[in-house]
Number of protein chains: 4
Amino acid sequence: MTGRKREKYGLILDAAEKVIARSGYHGAQVSRIAKEAGVADGTVYLYFKNKEDLLVSLFRERLGSLVQRFHDSIRETHTAGEALRIVCGIHFTMLEKHPDLAHVTQIELRQSSPKLRSAIGLTVKPYIVLIENIVRKGIEENTFRADLDTKLTRLLLFGAMDQVVTSWIISGRKYSLSGQVDKTVDFFLRGLTVQERKIR
Amino acid sequence: MTGRKREKYGLILDAAEKVIARSGYHGAQVSRIAKEAGVADGTVYLYFKNKEDLLVSLFRERLGSLVQRFHDSIRETHTAGEALRIVCGIHFTMLEKHPDLAHVTQIELRQSSPKLRSAIGLTVKPYIVLIENIVRKGIEENTFRADLDTKLTRLLLFGAMDQVVTSWIISGRKYSLSGQVDKTVDFFLRGLTVQERKIR
Amino acid sequence: MTGRKREKYGLILDAAEKVIARSGYHGAQVSRIAKEAGVADGTVYLYFKNKEDLLVSLFRERLGSLVQRFHDSIRETHTAGEALRIVCGIHFTMLEKHPDLAHVTQIELRQSSPKLRSAIGLTVKPYIVLIENIVRKGIEENTFRADLDTKLTRLLLFGAMDQVVTSWIISGRKYSLSGQVDKTVDFFLRGLTVQERKIR
Amino acid sequence: MTGRKREKYGLILDAAEKVIARSGYHGAQVSRIAKEAGVADGTVYLYFKNKEDLLVSLFRERLGSLVQRFHDSIRETHTAGEALRIVCGIHFTMLEKHPDLAHVTQIELRQSSPKLRSAIGLTVKPYIVLIENIVRKGIEENTFRADLDTKLTRLLLFGAMDQVVTSWIISGRKYSLSGQVDKTVDFFLRGLTVQERKIR
DNA sequence: AATGAATGAGGTTTCATTCAT
DNA sequence: GATGAATGAAACCTCATTCAT
């Protein structure tokens, strides 16, 4: 029974993602999602409290598992720099592999209601905290500058990566997103200016 | 007559900004904007083709002038690093001075329709190109790394700054935004890692 | 302008009464009322806050004016008994003359939501108070029994008349309602039992 | 089996009364009644044709037994006046003892569909006929006026009592309902005006 | 007999836009 | 140019009822 329930729950979420990717946030009517999922309109409301709940759930399911993968992957790593490379790698690679998801999260869901946006913010927060922790670890390791403002830095890192993904989507995905990882992390670590490590 | 026209045109744009700041994007009905401007609903359509055109115009007027200020300010400067500091300074300071505008651009207008979003993108584009030019200039000056991808870098810089402003708004503007300029530019120039200039 | 406004306001109310009388409370969709009134659905919401407001207004307009007529008519009369006869006469005659209104008020609106029912109660209240005042006057005049409970009595009188009208509607209006006035008032004044006035 | 059947039948009726009393007529969804009764939604439809049938049955069960009590109680009495006092006494006392039932019958069920209302009417009819019989008996006994219209009078009596109960419910049951019996019957028998029995 | 997941029709309300004055 | 009354399409959600198990 629960299997069946989960089955339909997933069907509806899949349908929602597909419909939003195809028709945009404003074209994502419940009736269209239901039809795509092959269920009646009312069935949607057996699994979700309302439309907003459906969209929040979609975001949580998809992004939540992504955030989880970050946590799992970091554990084994050693230096903060490597951790950052892994995070950015997962971030770009995952969204490159799932362009529908990427479109939905970067473009469509940003047009949503304040309530949904705030729910999205809560889902993304752990990811941002994860980034902050890496920065903090780098400072402790003495590989990152001690004068970094960790709270500010996490925003700079997240904002930069987020914008790269968004632009990639807007451009029509004409180039490789995962191909930007190294240059991006390089920027994070070394900045813009010509600098060389001190020769002891 | 044209003077008068312009007069009402401006009144309506002012009213739109005020209403959006007060009631959010979704609360910005044409009738409310008209009332705030002291004109009839139909009058709005004498100056703007439709609601979208009104919002695009609002964005162009406001953000366009901001972008112009960037151009004007940079001309005189010398090094790319200084230019970046000036750009980030204007970016943060202007939005700190006009919190209504900041709220509208960072939060409300992001909830808008695809068409409007794309129009916004076009308005912001020159700003992003400006950033790219600074990067390119830095490379030419030999102060920025020659291996920088200028197109990618402009996104990283813009995305980072944009996220800082958005978070500042969401936080309720509890801290100084302009106080983040130095740390932000520092991050752009030097990156995260402990590095020292080569001693020649 | 106001004339026009009032015009449409009245058109919608008339349409509502007609539709409710024809299709019942549950068949009274806004769209049907609008069509009957010859206006667009949205126009209804220019004159009424929502459907409930429309129905409350209908009740107030119709019953309110009826109640007003009671007040106007009573002023001139002398004895409480006569006043009672006038009230009952108006009550029955008016509803007999306007069978649609009678059907709507006695049958359809009683199936309405708690909120509407309570609004209806408030409209009818002055009528019930009017009846109480007549009873009180009768006591003061020494023509009504001094041991009457005025609050209870007003309910007994109103309830009795109300039930007569309702039954007349349910029966399909097969007999004269105004023909019941004398017998009804007689019952109010003399009760059921055989009694004779004291011979002084 | 029949025993069991009856068992669940009763459970569902009890649940319906409880739910209606608690949540009102419009809050009485089939699923809620089923849950309160501890059965599945579909089970309700094994015992009742549809929701309307359930509600009609509820009314018949509850009000029908009340009406039966009237019949049983009257048989032994002698004068019509006494019979009237007994009827009114049972009417008020029973509903005072069962406020949930009173609320359901006076308020909630009146908001119901035309079909249900008509079914309710049929259930109440024998009660009204009972009243008529008392009136007729009074006339035969020569204690009630011979010129009474029995059909009209039964409405006046029932309507008056019904309104008293309804007002008592609406007032929040702040006073004793059974305390109104004597004054009510007094009104029925003697009317409003000061009259004295003929002294022979 | 009992279950309960699934169905799907149906109605109120908003608001950008128009056009007669 | 200016008005603002009128338009009408469009979508979420509820809940009585069914039927496969």
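So you know, we letter chains A, B, ... as the sequences are listed, proteins then strands, and number each from 1. Side chains included, hydrogens not; waters and symmetry mates left out as well; all remaining heavy atoms used.
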- Task: Provide the full list of side-chain hydrogen bond (donor to acceptor under 3.5 Å, both in side chains) pairs with a residue in residues 30-40 of chain D, sequence neighbours left out, each pair given once.
- Result: Arg22(D)-Glu36(D), Ser23(D)-Arg32(D), Gln29(D)-Arg32(D)
- Just jot down the side chain to side chain contact (heavy atoms under 4.5 Å, CB included) partners of Ser118(D), sequence neighbours excluded, or say none. none
- Query: Can you tell me if the side-chain N/O atoms of Lys8(A) get under 4.0 Å from OP1 or OP2 in dA6(E)?
  - Reply: yes
- Mind checking what makes salt bridge (charged side-chain N to carboxylate O under 4.0 Å, His left out) contact with Asp14(D), not counting sequence neighbours? Arg62(D)
- Message: Can you tell me if Tyr47(A) touches the phosphate of dA6(E), counting only side-chain N or O atoms and a distance under 4.0 Å to OP1 or OP2?
- Response: yes
- Phosphate OP1/OP2 of dT3(F) contacted by Thr43(B) side-chain N/O (<4.0 Å): yes
- When you match Ala40(A) and Gly38(D) each to their closest nucleotide on DNA chain E, which lands nearer the 5' end? Gly38(D)
- Task: Look at the side chain of Val30(A) and decide which nucleotide, out of dT17(E), dT3(F), dC12(F), has an atom nearest to it.
- Result: dC12(F)
- Between P of dT13(E) and CD of Gln29(C), the distance in whole Å: 13 Å
- Task: Scan Val39(A) against the nucleic acid and name what it touches under 4.0 Å (heavy atoms): base, sugar-phosphate only, or nothing.
- Result: sugar-phosphate
- Message: Rounded to whole Å, please give me the gap between OH in Tyr45(D) and C1' in dG4(E).
- Response: 13 Å
- Message: From CG of Asp41(D) over to C1' of dT7(E), roughly how many Å is that when rounded to an integer?
- Response: 13 Å
- Query: For Asp41(A), what residues pass the salt bridge (charged side-chain N to carboxylate O under 4.0 Å, His left out) criterion, not counting sequence neighbours?
  - Reply: none
- Could you check if a side-chain atom of Leu13(D) sits within less than 4.5 angstrom of a side-chain atom of Leu54(D), using non-hydrogen atoms only? yes
- Task: Starting from P on dA9(E), measure out to NZ on Lys35(A) and report it in whole angstrom.
- Result: 11 Å
- Using Watson-Crick and G-U wobble pairs whose two distances are both under 3.5 Å, how do you write the pairing of DNA chain F as dot-bracket, with | for links to another strand? .||||||||||||||||||||
- Can you tell if the side chain of Phe48(D) reaches within under 4.5 Å of the side chain of Val56(D), non-hydrogen atoms only? no
- Measure from CG on Leu46(B) to C1' on dT18(E) and round the result to the nearest Å. 11 Å
- Partners passing side-chain hydrogen bond (donor to acceptor under 3.5 Å, both in side chains) against Asp100(B) (at least two apart in sequence or in another chain): none
- Task: Take Ala28(A) and Val44(C), find for each the nucleotide of DNA chain F with the closest heavy atom, and name the residue whose nucleotide sits nearer the 5' end.
- Result: Val44(C)
- Please report, rounded to the nearest Å, how far the C1' atom of dC13(F) is from the CG atom of Leu54(A). 13 Å
- Item | Distance in angstrom units between Lys49(C) NZ and dT12(E) C1', rounded | 14 Å
- With nearest nucleotides of DNA chain E determined for Gly42(A) and Gly42(B) from heavy-atom distances, which residue corresponds to the more 5′ nucleotide? Gly42(A)
- Task: Write down the distance between NE2 (His26(A)) and P (dA16(E)), rounded to a whole number of angstrom.
- Result: 12 Å
